[in-house]
> 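Handing you this structure, nothing more for now.
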Amino acid sequence: MATVAPLAARSGRGGELGLLVLALATSVYAFAQVSLAMTGGLSSDFRRFAIVYPALAIIMHVLLRLRAAYADPVILPITVLLNGTGLAMIYRLALHYEQAEPRFAQIFSRQLVWTAVGVTAAVLVLGLLRDHRTLRRFTYTAMALGLAGLVLPLVPILGHEEGGSRIWIRLGTMSFQPAEVSKILLAVFFAGYLVTRAETLSLAGAKFAGLRLPRPRDLGPILAAWLASVAVLIFEKDLGTSLLFFGLFVAVLYIATNRPSWIVIGLVLFSAGVVVAARVFAHLQTRVATWLDPFTDYYGAGYQLSNGLFGLANGGLGGTGWGEGRPDLTSLAFSDFIVDSLGEELGLTGLFAILTCFVLLVQRGMRAAMGVRDGFGKLLASGLAFAMALQVFVVVGGVTRLIPLTGLTTPFLAAGGSSLVANWMIVALLLRVSDGARRPPPATSEIDLSGVIAAEADGGAA
Amino acid sequence: MNTQIRRVTTLTIVMFLALFGMVTVDQFVNAGALRANPHNARTYYASFNKDRGPLIVAGEAIASSVPVDDDYGYQRTYAEGPVYAPVTGFYSVLLGMTGMEWAADDVLQGTADSLFLTRIQDLVTGAQPQGGAVELTIDEAAQLAAWRGLGDQRGAVVALDTDTGEILAMVSTPSYDPSVLAGHDTAKVQQAYDALLAEAGNPLWNRAIAGNLYAPGSTFKLITAAAALESGEYTADSQLDAPTRLALPDSTAVLGNMGDSMCSGSGSMTMAQALAVSCNTAFASLGLELGDEAIRAQAERFGFAGPLSIPLPVTPSVFPEDVDRPQTAMAAIGQYDDRVTPLQMAMVVSAIAADGVLHTPHLVRTERGANLEVVATTPVETLAVPLSRSSAEQLADMMVQVVDNGSGGRAAIPGVRVGGKTGTAEKGDGQAPDNWFVAFGETEDRSVAVAVVVEDGGKAGMQGTGGAVAGPIAREVMEAVLDR
């Protein structure tokens with residue numbers, strides 16, 4: 001289908017609007033259900049949501065029409081659906097906490113504000129960044145800022161520990177997880193750095209067990225990334241963040257070099273780091289013990305996970321329905337364990353739908369990576385998409401007892417400002433890259449025309 | 001690079017497939033085991049979060065569930081809680097279930113076999129399953145009369161319909177309010193429970209059917225008399241030795257009568273006369289003549305030593321084993337190691353009043369669906385025939401003599417045939433006796449048996465006697481049942 005007809009390229013904005021209406025209708029319907037089940041009527045919070053949220057979505061849509069007309073039409077509706085679903089559950093829990101635990105009663109209002117901030121951040125990224133390649137110029141700035149973000153929670157006074165992990169900074173009454181933004185910055189850095197070093201790093205060294213190893217002198221970057229992630233593990237006691245950054249780096253390294261040996265080396269290094277750390281740190285051993293059997297230490301370390309699992313079981317196939325379950329029995333039902341809360345009230349069916357949304361989102365990001373012409377864009381988009389997949393895997397795997405529990409937020413669903421803002425920025429970047437991938441070239445340029453043909457031949461099948 | 005991106009995409013799909021798989025395990029494959037986990041509070045709350053059916057007395061709910069806005073969804077409340085506590089028991093989040101709440105749990109929850117059809121209907125119509133109702137045999141007026149009669153004295157009252165075995169009254173004092181123990185604030189409930197445990201008089205005991213059991217005192221003479229009549233060698237007019245003092249065989253002990261009074265100037269009297277004045281020496285010597293085995297066998301025909309469920313479990317009453325002759329003499333007049341429940345003594349009277357037939361005592365009249373449609377009725381059943389019709393008639397007449405000419409005059413009700421027997425169970429020097437009165441009252445269409453015990457002489461203390469302290473309570477309960 002390598003037609004060279006610019007007219008054949010469709011922006012997809014009409015389709016996006018249709019999907020957006022669907023996503024908004026689902027979100028508002030969910031909200032109405034929560035409001036009716038919990039308050040017996042349509043609350044003022046429902047009205048607030050029903051006005052603010054569609055407005056935010058429409059702003060994004062209009063901006064895409066103006067500034068990224070060829071952006072992928074599925075990414076925004078999925079994001080709106082996920083964020084709306086998360087808001088509905090947080091609202092549902094906030095209504096419960098109003099009486100039971102007033103200190104959590106504000107989670108919904110805050111999350112709605114953070115959603116607005118997140119959309120604003122996405123608007124700024126799309127508005128200011130006309131071409132994703134511009135970011136390449138900031139490769140080392142991004143590295144510096146990204147690492148600073150990782151280190152920030154260790155700064156006395158500024159940083160503080162919560163839930164056993166020191167990944168927070170506090171400014172006045174606001175707390176923030178800088179690692180969420182570091183994720184984007186480091187994805188930019190990895191893409192910018194590896195796109196230039198790809199050739200060197202893919203040079204073959206010795207062969208071992210059928211695997212072509214890299215040259216020892218090229219091990220520098222991966223060792224540096226490994227040391228950084230081990231440092232996060234040791235000093236911030238956060239296995240999730242550590243795994244996320246290292247996984248992101250290894251994935252981008254592999255994509256850039258096409259050397260599977262990097263993945264093997266990465267896995268070996270990370271496993272070694274975790275095994276050693278697990279010997280030293282009791283909290284990691286506890287995590288593993290809880291994973292293997294959450295019920296033995298039910299009243300201690302196993303309490304939260306046990307109750308999350310009870311919630312999932314209570315939901316069963318069809319779920320209890322909005323407002324009809326007891327997700328509040330699980331501690332932190334609105335953040336780390338929001339997937340279990342959703343599983344309880346929406347059932348296996350609902351969780352499958354939510355996970356499918358993430359699959360589609362990741363897949364759309366990967367598709368943008370395959371469609372875009374420049375190597376930096378490919379590495380950036382695939383890195384961001386992979387990071388999202390890995391994050392969902394780690395957190396959902398943790399609360400469903402697939403893997404040991406680690407503290408990461410569920411993108412778009414969990415209560416928490418930093419995560420929401422960072423993920424909206426990631427979506428903005430994916431939209432920007434996909435716009436670059438799908439935008440038809442000016443008809444006059446022959447060079448670009450050949451590029452389109454090449455891109456379609458290469459990525460069109462995806 | 002696109003090949004690698006495609007491979008990484010495949011990897012992410014594999015990761016998501018693992019998540020889909022694990023969610024299926026948690027929500028489907030393992031869901032049953034997780035729900036059954038003893039730690040699972042959701043399951044626990046759900047078992048309380050049910051529209052549990054009511055316990056009904058005279059068309060009114062004495063225990064019912066009302067919707068509340070907390071973890072449990074429904075709050076169990078009790079009308080006239082302390083009056084009915086020995087019947088209802090309580091339904092507590094912290095302490096579990098007791099009483100009829102426990103015994104009829106399957107009906108109240110809606111899981112009983114009798115409600116199977118109702119459940120099918122609910123399934124078809126999609127109605128929210130509700131618990132069934134249990135209609136009790138308790139007669140509201142009799143229960144309240146017994147409650148008022150006991151007042152702040154310790155004791156118990158049981159009344160039976162002699163023709164059906166329906167338990168018309170079951171009161172135990174001091175009592176407690178089950179509503180407090182059914183509260184959802186577990187700390188408060190624990191505190192209230194601890195206070196009840198520490199309280200003098202053991203308010204949590206159901207003295208009517210369990211508790212510490214009582215010495216029956218002279219009311220036991222009814223059983224000795226029944227054994228004599230059933231032996232075929234005695235009638236109500238048989239002459240019994242009735243010395244003022246009876247030297248017990250094989251011992252130096254001497255038995256006297258209450259207040260060392262004389263039973264008869266001649267030293268002998270009929271069995272009917274002996275019962276009327278409750279002559280200890282006459283019944284002790286009768287007991288010696290009958291022997292302990294005959295008396296024990298008669299007691300067991302009345303229900304002693306047997307298991308009984310009404311459907312609350314009833315502690316078996318005891319006639320002592322391995323007794324020598326002096327002990328036999330004492331046991332024959334309700335002293336020594338005889339131990340009874342008030343329900344057991346009401347059963348003895350009930351059989352005497354009902355021509356020798358003992359109907360199975362029961363508390364449940366009907367089981368009903370949520371719409372109050374009757375799904376099961378407790379049938380009238382014969383538990384035993386402890387004595388022949390003629391023995392029963394003679395003994396009943398003897399009991400009427402007790403009221404008309406003897407120690408039970410205070411139980412008389414004009415226009416009603418009332419028979420009774422007093423009991424004053426000595427507990428040792430310086431201790432006030434437990435006062436008994438057992439009686440039946442019959443009109444043309446109704447017959448009721450009642451047993452009353454008032455501990456430690458009640459208000460009368462050391463001066464208390466069965467006739468004076470317990471007699472009037474028995475009369476009021478019978479009047480309430482017979483509508484007089």
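Side-chain atoms are counted along with the backbone in the values below, which use heavy atoms only and exclude waters and symmetry mates. Chain A is the first sequence line, chain B the second, and so forth, proteins listed ahead of strands; every chain is numbered from 1.
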> Inspect the surroundings of CD in B:Q191 and state if more than 12 heavy atoms from other residues, nucleotides or ligands are less than 6.0 Å away.
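It does not: B:Q191 CD has 12 such atoms or fewer within range.
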
> For the CD atom on B:E60, are there more than 12 heavy atoms of other groups (residues, nucleotides or ligands in this structure) within a distance under 6.0 Å?
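Counting other residues, nucleotides and ligands, CD of B:E60 stays at 12 neighbours or fewer.
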
> What part of A:S382 gets closer than 4.5 Å to chain B, counting heavy atoms only: side chain, backbone, both or neither?
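For A:S382, the side chain is the part near chain B, not the backbone.
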
> For A:V339, is it the side chain, the backbone, both or neither that has a heavy atom under 4.5 Å from a heavy atom of chain B?
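Neither the backbone nor the side chain of A:V339 comes within 4.5 Å of chain B.
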
> Quick one: of A:A381, A:G347, A:G365, A:A198, who has the most non-hydrogen atom pairs under 4.5 Å with chain B?
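Heavy-atom pairs under 4.5 Å are most numerous for A:G347.
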
> Without swapping roles, check the side chain of A:Q363 against the backbone of B:T9 for a donor-acceptor pair under 3.5 Å.
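Such a contact is absent between A:Q363 side chain and B:T9 backbone.
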
> Give, as side chain, backbone, both or neither, the part of A:I403 having an atom under 4.5 angstrom from any heavy atom of chain B.
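Neither; nothing under 4.5 Å.
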
> Within this structure, what is the OG1-CE distance for the pair B:T3 and A:M370, rounded to the nearest 0.5 Å?
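One finds 10.0 Å between OG1 of B:T3 and CE of A:M370.
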
> Output the option from A:L317, A:V399, A:I263 having the highest count of non-hydrogen pairs under 4.5 Å with chain B.
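Most heavy-atom pairs under 4.5 Å with chain B: A:L317.
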
> Within a strict 4.5 Å, meaning less than it, do heavy atoms of the B:L19 and A:L402 side chains meet?
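They are in contact (side-chain heavy atoms under 4.5 Å apart), so the answer is yes.
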
> Could you tell me if the side chain of B:L34 sits less than 4.5 Å from the side chain of A:F295, heavy atoms only?
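The answer is yes; the side chains approach within 4.5 Å.
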
> Is the ring centre of A:Y303 less than 6.0 Å from the ring centre of B:H39?
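Centroid distance A:Y303-B:H39: not below 6.0 Å, so no.
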
> Quick check on B:E373: does its CD atom have over 12 non-hydrogen neighbours (other residues, nucleotides or ligands) under 6.0 Å away?
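No, not enclosed.
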
> Within the distance-only criterion (no hydrogens, no angle test), does the side chain of A:R401 pair as donor or acceptor with the backbone N or O of B:M22 below 3.5 angstrom?
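Absent.
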
> Could you check whether A:F352 and B:F20 have their ring centres less than 6.0 Å apart?
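Yes, they do, as the ring centres are separated by less than 6.0 Å.
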
> Check for a donor-acceptor pair, side chain of B:Q27 on one end and backbone N or O of A:L348 on the other, with a separation under 3.5 Å.
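Side chain of B:Q27 to backbone of A:L348: a pair is present.
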
> B:R42 side chain to A:N314 main-chain N or O, any donor-acceptor pair under 3.5 Å?
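Not a single qualifying donor-acceptor pair exists.
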
> At a heavy-atom separation under 4.5 Å, does A:N307 approach chain B through its side chain, its backbone, both, or neither?
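Both backbone and side chain.
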
> Report yes if some heavy atom in the side chain of B:R35 is under 4.5 Å from a heavy atom in the side chain of A:F310; otherwise report no.
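The answer is no, as the side chains (C-beta and beyond) never meet within the 4.5 Å cut-off.
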
> Which pair of heavy atoms, one from A:I255 and one from B:Q4, lies closest together, and at what distance?
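Taking A:I255 first and B:Q4 second, the nearest heavy atoms are O-NE2, 2.7 Å.
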
> Hey, is the main chain of A:L309 close enough, under 3.5 Å, to the side chain of B:D26 for a donor-acceptor pair?
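No: the side chain of B:D26 does not pair with the backbone of A:L309.
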
> In the structure I gave you, are the side-chain heavy atoms of B:I5 and A:R367 within less than 4.5 Å of one another anywhere?
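Heavy-atom side-chain distance check fails, nothing below 4.5 Å.
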
> Quick one: CD1 on B:I13 to CE on A:M366, what's the gap to the nearest 0.5 Å?
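Rounded to the nearest 0.5 Å, the CD1-CE separation comes to 9.0 Å.
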
> Going through the checks in order, is the side chain to side chain contact (heavy atoms under 4.5 Å, CB included) test met by B:F16 and A:T356?
CA-CA 8 Å; B:F16 276 106; A:T356 305; over 6 Å; no

> Quick check: closest heavy atoms across B:A31 and A:A313, and the distance to 0.1 Å?
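Nearest pair, atom of B:A31 first, then A:A313: O-CB, 3.7 Å.
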
> B:R7 and A:N258: side chain to side chain contact (heavy atoms under 4.5 Å, CB included), yes or no, with the steps?
CA-CA 10 Å; B:R7 284 191 191 133; A:N258 194 21; 3.7 Å; yes

> Which atoms of A:V362 come close to chain B, meaning under 4.5 Å heavy atom to heavy atom: side chain ones, backbone ones, both, or neither?
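Side chain of A:V362 only, per the 4.5 Å heavy-atom cut-off to chain B.
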
